[in-house]
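The chains referred to below are lettered A, B, ... by the order of the sequence lines, with proteins before strands, and numbering in each begins at 1.
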Amino acid sequence: MISKVLKYSFSDLIRSRWSYVYLVFYLVLGFTLLFLNTNLSKAIITLMNIVVILTPLIGTIFGVMYYYNSREFTELLLAQPIKRSSIFLGQYLGISLSLTISLVAGLGIPFLIYGLFQSSVILDFIMLLLSGAFLTFIFVALSVNIALLNTNKIKGFGYAILMWLFFAVIYDGIFLISLVLFDDYPLDQFTLVASLFNPIDLSRIMILLKLDISALLGYTGALFQKFFGTYLGSFISFGTLLLWVIIPVSLMTRFSNKKDF
Amino acid sequence: MISIETISKLLVRKSVILLIHISIYLVPLATTASVYHVCETCQIKSLGEAVVTANRHDTIKVRSGRYECTNLEITKPLSLIGETGAILDGKNLGYVLKLLGDHITVRGFKIINAGKSYTKDYAAIYAFKASQFKILDNEMVNPFFGILIEKSDNGLVQGNFLSGESSKEDDSGNGIHLWHCKNVDIVDNEIHGLRDGIYLEFVDSSKVRDNYAHHNIRYGLHFMFSNQDTYLNNTFESNGAGVAVMFSKFITMKKNRFLQNWGTSSYGLLLKEIYDADVTENEFKENTIGIFIEGSTRVNYFHNDFSQNGWAVKVSGGCYTNKFFKNNFLSNAFDVSYNSRMNDNSFHGNYWSEYTGYDLDDDEIGDIPYRPVKLFSYIVNKTPETIILLRSLFVDIINFSERVSPVFTPDDLVDEQPSLKPFQW
Amino acid sequence: MVISISNITKKFGNLTVLKGINFDLDRGGIFAVLGPNGSGKTTILKIILGMVIPQSGEVMIDGKVVNKSWGHRKGIGYLPQIARFPDNLTVNELISMIKDIRQMPAEEKVLIEKFGMEPFLNQKLSNLSGGTRQKVNIILTFMFDSPILILDEPTAGLDPLSLVRLKELIQQEKEKGKIILITTHILNLVESLADEIIFLLEGDIYFKGSVQELTKKTGMNDLEHSIARILE
């Protein structure tokens with residue numbers, strides 16, 4: 001049944017204007033960046049800044065918006081013989097997939113035209129898209145949770161944006177301040193753990209490692225490089241991102257099972 | 001019973017040998033120079049024997065084969081030439097060749113098993129108080145010191161290939177090591193896997209050119225107390241650190257490449273207590289720190305490429321009237337970093353890839369000045385772990401606010417005329 | 001077919017809407033759920049459907065507890081109070097989607113004809129008027145042969161002709177022996193159709209019985225006045 005719900009919410013979404021706006025936005029972004037500097041790897045650095053901040057924001061907004069706007073559809077489905085978790089998982093996958101497709105197509109097309117396959121940065125680029133996809137799935141799940149817990153649309157929107165702001169900016173501010181304050185203590189372990197607890201930070205670091213931070217990490221001692229640079233490190237990083245998807249999704253099914261419609 | 005016949009035969013043979021000996025010893029006196037061959041089936045079977053036998057300005061050619069050679073002292077002007085496949089084996093007992101006179105040339109040998117010691121600086125080729133020496137086209141495999149030259153002058157070290165397998169600083173020596181020398185040219189050598197690739201201490205008026213030093217434990221090139229030297233067109237790649245130039249004056253550094261020198265305190269180029277130097281047309285790429293400058297004065301940086309380094313230029317205390325002009329700063333995590341608010345150096349008319357200003361009057365110079373020092377680089381200097389937040393939105397925000405009103409970084413460190421296009425030369 | 005509600009309690013925040021109510025519907029017929037605004041009419045219907053989760057109590061259909069499951073909805077046709085549908089779909093797409101999800105035989109054609117919906121089949125739902133949407137709502141509810149029908153204000157926005165058609169339809173379904181639960185504010189619909197009234201008041205069942213029994217109990221002439229009397 002998940003697949004049927006997914007089918008209908010997906011086809012509903014790809015007909016909506018917003019998916020196209022999102023797709024066109026990434027197309028324009030990709031082409032502009034490549035037009036401004038034909039250097040692929042520099043374009044990827046700029047793109048990283050954008051992807052790491054923007055995909056969570058778009059995921060958050062779309063997650064909340066779709067939830068509130070598709071209450072009719074949800075209610076219609078709720079009266080049908082379908083498990084609740086199937087309804088919400090199907091819709092969740094519908095939003096996340098359509099956003100991910102917009103991201104991949106929107107950035108992929110310009111980069112393909114500019115000769116990505118002949119370039120050595122193709123792995124970096126795939127990494128970028130993979131992180132973008134993860135961030136989309138994570139932030140859609142988080143924001144659907146917020147919407148599930150808030151019947152009031154305005155409140156739900158507010159909390160969702162606040163959540164994004166927290167992970168995108170506030171968390172790093174607190175992180176930075178505590179690093180500076182506790183300068184006298186060994187901070188390696190703390191830093192590693194703290195960066196795992198924020199999916200935006202984690203994705204950023206994973207992309208940076210492929211790009212320009214490697215030279216820098218040498219500066220802080222071997223630990224970061226040892227951790228993030230190894231297979232175990234990549235495994236843990238991806239595992240953590242996966243947990244960041246799984247935990248909110250399972251919360252989502254729990255909340256949805258308790259909710260009245 | 002010995003017959004008369006046999007006796008007479010013996011006599012004839014002896015006299016022939018005598019004749020040969022006479023010709024060997026006497027003929028050179030008459031002519032200017034002669035050539036001796038060393039090989040297993042030759043008259044002379046070792047290089048040592050040949051060196052004793054030969055006269056001043058003679059040439060000794062060593063044929064293919066492996067020859068034991070330990071602490072061989074050469075005190076007269078000679079040319080020692082290894083033909084293809086000539087190997088000198090030091091048996092792990094001290095020096096291999098010691099050049100202790102003038103006008104000595106050593107060329108084309110493969111030298112193995114030079115000795116290692118914790119108390120003596122054993123070297124594959126050692127020169128002491130030598131003048132007009134030439135060390136050319138030799139290969140040294142896993143030596144302690146490769147070529148060690150002391151109190152010598154007017155020499156040439158060219159085309160040698162030195163390779164080591166060292167992993168720790170304290171049980172390895174330097175590739176090409178000069179001490180108290182003058183007018184020595186070090187050209188086109190390749191050195192890897194040793195402590196310092198090239199080390200110069202109290203060496204004046206010398207040139208280091210076209211060398212390739214890579215994967216050495218400490219420095220690719222190390223200068224101490226050496227003045228009026230030039231190094232040109234060398235490549236330093238993946239060494240502990242690229243080049244360290246310390247306590248020296250009037251050094252010219254041109255067209256060198258400093259690549260991928262990564263590590264906790266690693267840099268492409270370290271300048272410490274340097275006066276009146278020129279750093280021109282070099283390329284610094286993918287180093288943890290491009291140039292680390294400490295206590296240097298009147299150094300001009302012109303037409304250098306700094307690309308994709310952690311820090312392009314890191315300035316640490318006591319640097320006065322240095323000038324950076326017409327350099328390219330391309331995609332470095334940090335372009336310039338200072339550890340204080342003091343600044344007495346000028347950055348003028350460089351190209352900064354992060355510059356986002358505009359050019360309304362179309363003169364290819366940005367209309368608003370560029371501040372190359374970021375607040376975040378200051379924070380990372382204080383707390384290195386914060387590097388993990390590089391390129392995060394929060395860091396971008398605080399960098400922006402610091403750029404608008406500098407509190408922690410030098411407020412007079414500004415490039416007033418940032419170029420809009422990278423320079424070519 | 002037996003629906004049995006036992007001890008259902010539902011609170012929304014501090015507000016207690018249902019205070020442990022019990023009733024059984026053990027035969028086919030039309031049951032009108034009445035009560036003042038906010039008395040929990042829609043809530044009890046949604047609890048039967050499993051859309052609202054009660055704090056305590058059970059809903060049993062044919063002896064099986066259903067209020068935490070979903071399979072029983074296969075046997076329920078539900079007409080929600082407000083006809084809201086995904087905006088981007090056409091009427092046809094919506095109907096085939098619901099058919100696709102239910103995987104049951106459906107007789108939508110007769111209903112489309114009955115309510116004159118042919119011209120609207122390829123229109124997007126967002127372009128339809130309230131009444132037309134309600135007709136779509138009716139088609140979706142009645143096109144499957146469900147033994148239980150739950151109709152929440154089915155008459156909202158309907159023109160008189162459609163109202164007559166709807167009445168016929170409900171009557172028709174009743175004759176098949178179905179249990180039909182209905183809320184409405186149109187009392188003559190109740191008078192003409194309902195076999196039994198379940199009157200909710202302050203979270204309890206105030207009255208359960210026929211129209212005649214209710215008028216008798218209140219001593220009034222008709223349903224309207226009886227209800228007004230109760231609410232005084």
Please state whether the side chain, the backbone, both or neither of [X] comes within less than 4.5 Å of a heavy atom of chain A.
X         : value
Phe376(B) : side chain
Ile397(B) : side chain
Ser266(B) : neither

Fill in: Contacts of residues 99-106 of chain A with chain B (heavy atom under 4.5 Å)
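Listed by number, there are no contacting residues, so the answer is none.
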Item to complete: Select all residues of residues 165-174 of chain A having any heavy atom within less than 4.5 Å of some heavy atom of chain B, and report them by number, or 'none'.
Response: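 When heavy atoms of chain B are the reference, residues 165-174 of chain A contributes Ala168(A), Val169(A), Asp172(A), Gly173(A) within the under-4.5 Å range.
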Worksheet item: Phe408(B) and Tyr378(B): aromatic ring centres closer than 6.0 Å?
Response: yes
Practice prompt. Compute whether any side-chain donor of one residue and acceptor of the other, for Asp415(B) and Trp352(B), lie under 3.5 angstrom apart.
Written response: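 Looking only at side-chain atoms, Trp352(B) and Asp415(B) do form a donor-acceptor pair, the distance falling under 3.5 Å.
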Worksheet item: Is it the case that Thr409(B) and Glu402(B) place a side-chain donor and acceptor less than 3.5 Å from each other?
Response: yes
Fill in: Side-chain (Asn174(B)) to main-chain (Ile198(B)) donor-acceptor, under 3.5 angstrom
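Here the side-chain-to-backbone pair does not exist.
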Item to complete: Tell me, for Ile53(A) versus chain B, whether the close heavy atoms (under 4.5 Å) come from the side chain, the backbone, both or neither.
Response: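 When you check distances to chain B, only side chain atoms of Ile53(A) fall under 4.5 Å.
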Worksheet item: Which answer fits Val52(A), side chain, backbone, both or neither, if we ask what part of it has an atom under 4.5 Å from a heavy atom of chain B?
Response: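 Neither part.
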Fill in: Exercise: identify the closest heavy-atom pair between Phe175(A) and Thr191(A)
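What the structure gives for the nearest pair is CZ-O, 3.7 Å.
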Fill in: Residue pair Tyr231(B) / Asn234(B): nearest heavy atoms and the distance that separates them
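Minimum heavy-atom separation between Tyr231(B) and Asn234(B): CB-ND2, 3.6 Å.
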Worksheet item: Does Arg257(B) come within less than 4.0 Å of Glu283(B), counting only side-chain N to carboxylate O?
Response: no
Fill in: Leu181(A) atom CG: more than 12 heavy-atom contacts under 6.0 Å
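Enclosed: over 12 neighbouring heavy atoms sit under 6.0 Å from CG of Leu181(A).
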Practice prompt. List for me each residue that meets salt bridge (charged side-chain N to carboxylate O under 4.0 Å, His left out) alongside Arg218(B), sequence neighbours excluded, and say none if there are none.
Written response: Glu169(B), Asp196(B)
Worksheet item: Taking the inter-plane angle between the rings of Phe137(A) and Tyr92(A) on a 0 to 90° scale, is it parallel (under 30°), tilted (30 to 60°) or perpendicular (over 60°)?
Response: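 Perpendicular: the ring planes of Phe137(A) and Tyr92(A) meet at over 60°.
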Worksheet item: According to the interplanar angle, ranging from 0 to 90°, do the rings of Phe62(A) and Tyr22(A) count as parallel (below 30°), tilted (30 to 60°) or perpendicular (above 60°)?
Response: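 Answer is tilted, since the angle falls between 30° and 60°.
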Discussion item. Please list all pairs meeting side chain to side chain donor-acceptor pair (under 3.5 Å) that have one or both residues in residues 365-377 of chain B, counting only residues at least two apart or in different chains.
Written reply: Asp335(B)-Tyr370(B), Glu354(B)-Lys374(B)
